[in-house]
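Below, all heavy atoms of this structure are taken into account, side chains as well, without hydrogens, waters or symmetry copies.
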Amino acid sequence: MKEKLTAFPEVAFHNTNLYNVDGHGTYPATDQGLREFTGKPEDMGRYRAPTLRNITVTAPYMHDGSIATLSEVLDHYAAGGRASAHGTGPGPFQSEFVRGFTLTGQEKQDVLAFLESLTDPEFLTDPRFSDPFASTP
Ligand code: HEM
């Protein structure tokens, strides 16, 4: 089977510790991610990782648009999740891949430059993918 060729079983939904409203890893009642569909407690706050292609032109970020800039997205991950930055600590459902890290100012600029490099102006301005309902001048 295909999954036998990978080191880790594919986990398509992740909890990045964006919220922890009660110290037990709970996300706001309006947006609880995969849990809303499965009813499983461990699916709290788990969302699909979106593509980073053209990420510079799609602010604000995250499922609820609660992060305004890519610089603040990096702050979220550097803190091991925004909830940790707000003092609630790691959530019980938080992905093991979101552990926090430190970046120098230069390293942060380098990551932002990398994300910028994923912008594809040719695709973005291709008339074939333009809004068919936009009024033409
Ligand atoms: C430093 C490395 C990372 C960068 C620069 C990064 C960047 C981003 C950005 C820009 C978004 C917002 C996308 C959007 O709103 O369209 C995002 C969302 C997301 N990323 Fe990451 N990411 C990183 C690491 C990770 C890791 C390690 C995971 C796996 C656990 C992950 C899983 C997700 C998920 C599930 C979302 C959606 C979260 C939500 O909507 O609440 N990311 N990431």
Side-chain angles (χ1 to χ4, degrees):
M1 279 168 65
K2 210 173 162 196
E3 55 267 30
K4 287 194 175 158
L5 301 174
T6 62
F8 304 101
E10 184 56 39
V11 182
F13 295 82
H14 310 272
N15 176 312
T16 67
N17 196 27
L18 194 61
Y19 291 99
N20 187 349
V21 297
D22 60 355
H24 300 289
T26 302
Y27 270 46
T30 45
D31 290 305
Q32 297 196 330
L34 187 60
R35 183 182 179 280
E36 291 175 33
F37 300 90
T38 65
K40 293 184 187 168
E42 66 268 27
D43 287 338
M44 175 67 76
R46 292 177 73 194
Y47 286 87
R48 269 203 193 277
T51 180
L52 295 181
R53 190 182 184 198
N54 290 319
I55 196 66
T56 54
V57 300
T58 58
Y61 302 108
M62 305 318 202
H63 63 274
D64 57 357
S66 62
I67 301 187
T69 65
L70 287 174
S71 174
E72 290 165 287
V73 170
L74 290 186
D75 294 341
H76 153 67
Y77 285 113
R82 185 175 62 193
S84 287
H86 290 175
T88 37
F93 312 117
Q94 179 175 342
S95 166
E96 69 272 29
F97 297 121
V98 178
R99 295 174 175 159
F101 49 80
T102 49
L103 285 182
T104 64
Q106 183 59 52
E107 286 168 338
K108 188 175 188 185
Q109 289 314 310
D110 290 347
V111 178
L112 291 172
F114 166 71
L115 293 172
E116 176 77 41
S117 79
L118 304 177
T119 310
D120 179 354
E122 208 172 298
F123 173 84
L124 290 171
T125 54
D126 189 328
R128 290 179 301 161
F129 309 124
S130 63
D131 181 353
F133 302 107
S135 55
T136 42

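Val111 and Phe101 fall within a single hydrophobic cluster, where Ile, Leu, Val, Met, Phe, Trp and Tyr side chains are chained together by heavy-atom contacts under 4.5 Å. Residues Val21 and Met44 fall into different hydrophobic clusters, defined by Ile, Leu, Val, Met, Phe, Trp and Tyr side chains chained together at heavy-atom separations under 4.5 Å.
Side-chain atoms of Glu42 never come within 3.5 Å of backbone atoms of Pro92 as a donor-acceptor pair (strictly under, hydrogens ignored). The backbone N or O of Ile67 sits nowhere less than 3.5 Å from a side-chain atom of Tyr61 that would complete a donor-acceptor pair. For Thr125 (side chain) and Pro121 (main-chain N/O), a donor-acceptor pair under 3.5 Å exists by modelled atom type. For Asn54 (side chain) and Val57 (main-chain N/O), no donor-acceptor pair under 3.5 Å exists by modelled atom type.
We find the NZ-CZ distance between Lys40 and Phe93 to be 13.0 Å, quoted to the nearest 0.5 Å. Phe37 contributes atom CZ, which lies 11.5 Å from atom CD of Gln32 (distance to the nearest 0.5 angstrom). Between the CD1 atom of Ile55 and the OG atom of Ser117 there is a distance of 12.5 Å, given to the nearest 0.5 Å.
Looking only at atom types and distance, the side chain of Tyr27 has no donor-acceptor partner in the side chain of Asn17 under 3.5 Å away.
The minimum heavy-atom distance between Asn20 and Thr88, with the atom names listed, is O-CG2, 3.5 Å. Nearest heavy-atom pair across Lys108 and Ser71 is NZ-OG, 2.9 Å. Of all non-hydrogen atoms in Thr102 and Glu107, the two that sit nearest each other are O-OE1, 4.1 Å. When all heavy atoms of Ala79 and Ala85 are compared, the pair lying nearest together is CB-CB, 3.6 Å. Taking every heavy atom of both residues into account, Ala59 and Ala68 meet most closely at CB-O, 3.6 Å.
Under the side-chain contact (heavy atoms from CB on, under 4.5 Å) rule, Tyr47 has a single partner from Asn15, Leu34, Asp31, Leu18, which is Asp31.
Side-chain contact between Glu122 and Asp126 is absent, with no heavy atoms from C-beta onward closer than 4.5 Å. Using a 4.5 Å heavy-atom cutoff, the side chains of Leu74 and Leu112 are in contact. Taking the side chain as every heavy atom from C-beta outward, Arg82 and Thr16 never approach each other to under 4.5 Å. By the 4.5 Å heavy-atom criterion applied to side chains, Tyr77 and Val98 are counted as neighbours.
Remark: Arg53 is positioned above the aromatic ring of Phe123, its terminal NZ or CZ atom under 6.0 angstrom from the ring centre and at most 45 degrees off the axis.
Aromatic ring orientation, Phe97 versus His14: perpendicular (interplanar angle above 60°, classes split at 30° and 60°).
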